[in-house]
Amino acid sequence: MMANSRIDKSFKNLTSFADEVLVECPYCKKRAIVFADQGQYTVPYSTKFKAKFRCSNCYKPIDENLWYGPITISPANANCGYCGSPLKYSKTVNKYQDKIEVKCQNCEQEKKYDVHYTLTYADNKQATDPYFGFQLWLQIPFDDNILWAYNFEHLNI
């Protein structure tokens, strides 16, 4: 039986490069590594693995159960508390907040709302690892965006 010659076996998706991610150490600001055991059939960034952080410069540990990167916050109640209009508000922050003040675009009333959080891996200003949110070591501004790679193998594709 002949193999299908139309299948590109050299193709690698982003997850195939995510087992070793070069990051900036949050303490010494030098290159560190995040190791993750993805497993053979892992959906990208599954919660069934355990990632490890290692800095061979300062050797300081981190709490490997926490997220250190940026988060996008938006109102937990998606409707204005005064007029009921949908609220369209979100911003990226680097620390948790209990409440945010949002001004309704319809009635212009301001009110504090409970916060809904979403982890942010990358945007056009920064790129972070998908496990802890540390800044990627291999990133550079390119026009109005960021060109980034997880590691040197990823950079070479």
### Message
Could you go through Trp137 and Val23, starting from their C-alpha distance and side-chain angles, then the distance that decides it, and tell me whether this counts as side-chain contact (heavy atoms from CB on, under 4.5 Å)?
### Response
CA-CA 4 Å; Trp137 186 255; Val23 297; 5.6 Å; no
### Query
Is it the case that one hydrophobic cluster holds both Leu119 and Val93, taking links as side-chain heavy atoms less than 4.5 Å apart, direct or via other members?
yes
### Summary
Smallest heavy-atom separation, Leu87 atom then Cys80 atom, equals CG-N, 3.7 Å
### Summary
NZ of Lys103 to CD of Glu110, rounded to nearest 0.5 Å, is 5.5 Å
### Query
If you take all heavy atoms of Gln135 and Thr128, which pair is closest and at what distance?
NE2-CG2, 4.2 Å
#### Entry: Test log, rule side-chain contact (heavy atoms from CB on, under 4.5 Å), inputs Leu22 and Phe152
CA-CA 9 Å; Leu22 301 177; Phe152 293 116; 3.6 Å; yes
### Query
In this structure, are over 12 heavy atoms from other groups packed under 6.0 Å from Asp98 atom CG?
no
### Query
Which pair of non-hydrogen atoms, one from Ser90 and one from Thr72, has the smallest distance, and what is that distance?
CB-CG2, 4.0 Å
### Query
Under a 4.5 Å cut-off applied to non-hydrogen side-chain atoms, are Tyr131 and Glu64 in contact?
no
### Task
Output yes when a side-chain donor or acceptor of Gln139 lies under 3.5 Å from a complementary backbone atom of Ala127, and no otherwise.
yes
### Task
Could you check if a side-chain atom of Phe132 sits within less than 4.5 angstrom of a side-chain atom of Lys52, using non-hydrogen atoms only?
no
### Query
CD/Glu108 to OH/Tyr82 distance, rounded to the nearest 0.5 angstrom?
13.5 Å
### Task
Quick one: pull up CZ in Arg54 and OH in Tyr59 and give me the separation to the nearest 0.5 Å.
11.5 Å
#### Entry: Tyr150 vs Leu136, side-chain contact (heavy atoms from CB on, under 4.5 Å): CA-CA, chis, key distance, verdict
CA-CA 7 Å; Tyr150 281 158; Leu136 292 181; 3.9 Å; yes
### Task
Scan Pro26, Pro61, Cys25 and name whichever one has a side-chain contact (heavy atoms from CB on, under 4.5 Å) with Cys55.
Cys25
### Query
Is the closest basic N to carboxylate O distance between Arg31 and Glu20 below 4.0 Å?
no
### Task
Start with the C-alpha distance between Cys104 and Tyr89, add both sets of side-chain angles, then the distance that settles side-chain contact (heavy atoms from CB on, under 4.5 Å), and finish with yes or no.
CA-CA 9 Å; Cys104 177; Tyr89 176 88; over 6 Å; no
### Query
Got a second to check how far Ile71's CD1 is from His116's NE2, nearest 0.5 Å?
11.0 Å
### Message
Can you give me the closest heavy-atom contact between Asn106 and Ser85, atom names plus distance?
### Response
ND2-OG, 2.9 Å
### Message
Tell me whether Leu155 shares a hydrophobic cluster with Phe35, the cluster being built from Ile, Leu, Val, Met, Phe, Trp, Tyr side chains joined at under 4.5 Å.
### Response
yes
#### Entry: Close side-chain approach of Asp114 to Lys99, heavy-atom, < 4.5 Å
yes
#### Entry: From Cys58 atom SG to Tyr27 atom OH, the distance as rounded to the nearest 0.5 Å
8.0 Å
### Query
Honestly curious: do Ile33 and Ile62 fall in one hydrophobic cluster under the side-chain, below-4.5 Å linking rule?
no
### Query
Should the ring pair Tyr68 and Phe134 be called parallel, tilted or perpendicular, given that the plane angle runs from 0 to 90° and is split at 30 and 60?
parallel
#### Entry: Glu153 side chain to Phe17 backbone, donor-acceptor under 3.5 Å
no
### Query
Nearest 0.5 Å, what's the CG-CH2 distance between Leu138 and Trp148?
11.0 Å
### Query
Under 3.5 Å, is there a donor-acceptor pair between the side chain of Asp63 and the main chain of Asn65?
yes
### Task
Please report the shortest heavy-atom distance between Pro86 and Asn79, naming the atom on each side.
CA-OD1, 3.5 Å
### Query
What do you reckon, is CD1 of Ile140 surrounded by more than 12 foreign heavy atoms closer than 6.0 Å?
no
### Query
Can you name the nearest heavy-atom pair linking Ser74 to Ile100, along with the distance?
C-CD1, 3.8 Å
